[in-house]
Peer 1: 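Could you have a look at this structure, given as structure tokens, before my questions?
Residues take their numbers from the sequence shown, with the count starting at 1. Read the numbers this way: they start at 1 and go in the same order the structure lists the ligands and their atoms.
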Amino acid sequence: MFQLYSNIAARGVCINARNLFSVRSPHAENVRNLGTCLIAQARKGGSLTKEKPRFPNRREASSKKTLPRSAPRTLNSTQAPNRKPVQSAKSKGQTTARSRKPPSKTPAQRPTTVGYKLTSGTKGAQAKSDVKTNRVVATSSAPRNSYGISFAKLAKELPPVPIERSLVETFNPIKEVSSTEEKLLESLFRKPAIFIQSAVKINQLQNTELPEVAFIGRSNVGKSSLINALVNRNSLVKTSSKPGHTKLLNFFRVSDQLVLTDMPGYGHGCRDDWRRMIWNYFKDRSLLRRVFLLVNCEHSLKGSDKELIGVLEKLAVPYQIILTKQDKAKQVEIGNTKRQVQSYLIKKIKTRSCVPVLLSVSARKKKGINELRRCVLEAAEIQL
Ligand SMILES: Nc1nc2c(ncn2[C@@H]2O[C@H](COP(=O)(O)OP(=O)(O)OP(=O)(O)O)[C@@H](O)[C@H]2O)c(=O)[nH]1
Ligand SMILES: [Mg+2]
């Protein structure tokens with residue numbers, strides 16, 4: 001009977017140990033040692049708890065290339081996490097193994113073996129292209145926030161671009177759209193708007209030779225809905241109540257005169273490769289005339305919006321802030337957000353690149369759309 005139990009135990013341990021081997025976790029080396037020890041114990045038929053498994057000591061561990069600490073070192077400089085070197089426990093005055101543990105991260109942030117593989121071997125977003133439709137379909141295999149590249153970090157890669165424009169001192173009042181202007185604007189934007197392409201990389205972009213304006217903002221702020229409202233269509237651009245729906249750069253041609261770019265959102269759930277794609281587009285796209293930075297009326301400027309403003313200022317890309325979803329906010333709330341945004345831009349960052357007209361719009365109720373159309377045409381230098 002004892003023999004039977006020990007055989008069953010040995011098999012169970014073998015299977016579990018084999019499963020453990022297949023896990024390519026950062027602690028695979030330790031797990032492998034533990035597994036080998038358990039199998040040996042089980043095969044002998046002895047107690048599984050008698051002999052302690054031997055873990056490599058710190059010196060051995062650091063000399064082994066399979067251990068996690070050496071893994072980030074294999075990344076190239078642009079993908080490196082830019083983490084601070086790990087402080088030794090001694091210098092911190094802590095000696096226990098537990099104290100050396102890095103702070104716990106959310107599952108999305110935790111580096112996985114997939115994360116290592118992708119970041120060390122693949123650049124840019126993961127995507128496959130559909131030849132027939134010219135659409136690029138994003139795949140979800142890339143890790144989220146693999147190493148937390150922020151716009152601020154990307155901005156450090158580049159020396160500041162000299163900006164000749166003078167400091168913005170005050171924001172301009174919004175001019176009413178006259179009825180004749182309204183008709184002209186509506187007729188121009190009613191002409192067929194068509195999807196041109198989706199892209200991940202700047203070198204995949206077609207040279208349309210048309211002026212381009214881009215729409216960016218945090219996930220779910222209403223970028224895609226606003227493009228639909230501008231071109232008077234309901235489903236030219238796909239929208240969703242789930243944040244992170246737009247994953248690629250999507251280009252739409254309007255009345256053969258200009259191109260609108262729908263961009264992926266940043267903020268919560270934004271992936272590093274998206275940030276790099278956004279950054280590269282702003283840095284290298286010469287057809288880009290203005291970036292419309294969308295901010296939710298109710299939330300005002302968040303940290304990630306401020307980071308992006310820093311990037312646009314540094315790259316000297318003209319941008320204009322648009323407050324969205326005005327139908328959801330009270331007038332007082334909209335007024336407060338406007339004041340906060342204006343004072344941040346004028347006093348705090350002393351903007352030069354910001355176009356000093358602060359619109360609030362509602363894609364759902366079609367409010368402020370003609371004013372925005374006028375700004376788009378002005379940016380593209382198109383006369384009515
Ligand atoms: N109340 C209201 N809801 C809006 C408005 N604009 C968009 N929405 C809603 O907000 C949600 C997100 O809209 P999207 O246009 O997909 O937002 P997005 O910024 O493109 O989002 P991502 O592509 O995920 O970054 C959808 O459920 C829209 O219906 C608006 O003006 N008012
Ligand atoms: Mg979208």
Side-chain angles (χ1 to χ4, degrees), residues 108 125-127 135-140 142 144-145 151 189 193 195-200 212-252 254 259-279 281-282 291-305 307-309 319-331 333-334 337-338 358-373 375-376:
Q126 302 292 298
R135 273 185 194 269
V136 181
V137 186
T139 59
S140 57
R144 289 189 166 217
N145 289 341
F151 286 122
F189 278 90
F195 167 77
I196 311 174
Q197 71 168 139
S198 289
V200 171
E212 246 166 59
V213 297
F215 292 80
I216 190 143
R218 287 170 60 81
S219 302
N220 213 252
V221 75
K223 302 172 287 293
S224 306
S225 307
L226 194 57
I227 293 181
N228 279 334
L230 276 177
V231 297
N232 229 344
R233 295 265 294 271
N234 287 332
S235 52
L236 175 71
V237 194
K238 284 184 189 142
T239 63
S240 166
S241 56
K242 215 172 122 200
H245 186 72
T246 310
K247 298 177 177 69
L248 303 161
L249 301 172
N250 296 313
F251 295 81
F252 303 90
V254 181
V259 172
L260 307 179
T261 312
D262 187 23
M263 303 188 77
Y266 52 79
H268 178 72
C270 178
R271 299 201 311 234
D272 288 350
D273 45 0
W274 295 359
R275 280 203 190 88
R276 196 165 276 285
M277 173 169 74
I278 293 167
W279 160 260
Y281 175 71
F282 290 156
V291 172
F292 289 94
L293 200 169
L294 274 47
V295 174
N296 192 321
C297 264
E298 296 173 304
H299 302 161
S300 191
L301 286 178
K302 299 259 183 182
S304 50
D305 298 316
E307 262 187 25
L308 192 85
I309 289 173
Y319 64 96
Q320 182 174 350
I321 302 215
I322 308 290
L323 303 181
T324 60
K325 304 192 184 181
Q326 73 156 45
D327 57 293
K328 282 177 91 181
K330 290 180 188 143
Q331 276 306 318
E333 226 173 342
I334 299 171
T337 309
K338 278 192 174 178
L358 191 51
L359 290 180
S360 59
V361 299
S362 165
R364 188 163 287 178
K365 301 272 179 217
K366 306 276 184 291
K367 289 270 168 63
I369 301 299
N370 277 327
E371 285 79 358
L372 179 57
R373 284 174 177 155
C375 294
V376 168

Peer 1: Of all the heavy atoms in T324, does at least one lie under 4.0 Å from an atom in ligand 1?
Peer 2: no

Peer 1: If the cut-off is 4.0 Å to any non-hydrogen atom of S362, which atoms of ligand 1 fall inside it?
Peer 2: 31 (O)

Peer 1: Can you figure out which of A229, S240, S225 has its heavy atom closest to atom 11 (C) of ligand 1?
Peer 2: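 Result: the heavy atom closest to atom 11 (C) of ligand 1 is in S240.
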
Peer 1: Would you mind reporting whether Q320 and L359 have side-chain heavy atoms less than 4.5 Å apart?
Peer 2: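 Answer yes - side chains close enough.
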
Peer 1: If we check side-chain contact (heavy atoms from CB on, under 4.5 Å) with L226, which of these qualifies: V231, D262, V221, L294?
Peer 2: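 Per the side-chain contact (heavy atoms from CB on, under 4.5 Å) rule, the option paired with L226 is L294, out of V231, D262, V221, L294.
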
Peer 1: What is the nearest protein non-hydrogen atom to atom 23 (O) of ligand 1, stated with its residue, atom name and distance?
Peer 2: T246 OG1, 2.7 Å

Peer 1: Please state which protein non-hydrogen atom is closest to atom 20 (O) of ligand 1 and give its distance, to 0.1 Å?
Peer 2: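 For this ligand atom, the closest protein heavy atom is S224 OG, 2.9 Å.
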
Peer 1: Could you pull out every donor-acceptor pair under 3.5 Å between side chains of residues 239-246 and any protein atom, sequence neighbours left out?
Peer 2:
| residue | atom | partner | partner atom | Å |
| --- | --- | --- | --- | --- |
| S240 | OG | K242 | N | 2.9 |
| T246 | OG1 | S224 | OG | 3.2 |

Peer 1: So for G217, does at least one of its heavy atoms come nearer than 4.0 angstrom to any atom of ligand 1?
Peer 2: no

Peer 1: Would you say that more than 12 heavy atoms from the other residues, nucleotides or ligands in this model lie under 6.0 Å from the NZ of K366, or not?
Peer 2: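 Atom NZ in K366 is crowded, with more than 12 foreign heavy atoms closer than 6.0 Å.
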
Peer 1: Numbering the atoms of ligand 1 from 1, which are under 4.0 Å from a heavy atom of P243?
Peer 2: 24 (O)

Peer 1: Have a look at N296, D327, T239 and point out the one with the heavy atom closest to atom 1 (N) of ligand 1.
Peer 2: D327

Peer 1: Would you please test F195 and V237 for side-chain contact (heavy atoms from CB on, under 4.5 Å) and show each step?
Peer 2: CA-CA 8 Å; F195 167 77; V237 194; over 6 Å; no

Peer 1: Is the distance from the Mg ion (ligand 2) to the nearest N/O/S atom of T239 under 2.8 Å?
Peer 2: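 T239 does not place any N, O or S atom closer than 2.8 Å to the Mg ion (ligand 2).
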
Peer 1: Within a distance under 4.0 Å of any heavy atom of G265, pick out the atoms of ligand 1 and give their elements.
Peer 2: 25 (O)

Peer 1: What atoms in ligand 1 come closer than 4.0 Å to a heavy atom of G244?
Peer 2: 24 (O)

Peer 1: Starting from atom 21 (O) of ligand 1, what is the nearest protein heavy atom, named by residue and atom, and what distance separates them?
Peer 2: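 Looking at atom 21 (O) of ligand 1, the protein heavy atom closest to it is N220 N, 3.0 Å.
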
Peer 1: Considering non-hydrogen atoms only, spot the tightest contact between I334 and C297 and give its length.
Peer 2: CG1-SG, 3.8 Å

Peer 1: Under 2.8 Å from the Mg ion (ligand 2), is there an N/O/S atom belonging to S225?
Peer 2: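 Checking the Mg ion (ligand 2) against S225, no N, O or S atom falls under 2.8 Å.
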
Peer 1: Decide whether an N or O pair under 3.5 Å exists between V361 and ligand 1.
Peer 2: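 Min N/O separation from ligand 1 is not below 3.5 Å for V361.
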
Peer 1: For atom 25 (O) of ligand 1, which candidate among H245, K223, K242 provides the closest heavy atom?
Peer 2: K223

Peer 1: Please list the nearest protein heavy atom to atom 31 (O) of ligand 1 with its residue and the distance rounded to 0.1 Å.
Peer 2: A363 N, 2.9 Å

Peer 1: Might you point out which heavy atoms bring D327 and S362 nearest each other, and give the distance in Å?
Peer 2: OD1-OG, 2.8 Å

Peer 1: Are there over 12 heavy-atom neighbours, none belonging to K367, within less than 6.0 Å of that residue's NZ?
Peer 2: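 No, not enclosed.
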
Peer 1: Going by heavy-atom distance to atom 5 (C) of ligand 1, choose the closest among Q326, K325, K366, K367.
Peer 2: K325

Peer 1: Should the ring pair F215 and F292 be called parallel, tilted or perpendicular, given that the plane angle runs from 0 to 90° and is split at 30 and 60?
Peer 2: parallel

Peer 1: Between the side chain of N228 and the main-chain N/O of L236, is any donor-acceptor distance below 3.5 Å?
Peer 2: yes

Peer 1: Could you tell me whether a side-chain N or O of R218 sits under 3.5 Å from a main-chain N or O of G265, the two making a donor and an acceptor?
Peer 2: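 No; judged by distance alone, with no hydrogens or angles, the pair does not exist.
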
Peer 1: Nearest protein heavy atom to atom 29 (O) of ligand 1, by residue and atom, and its distance?
Peer 2: R364 NH2, 3.0 Å

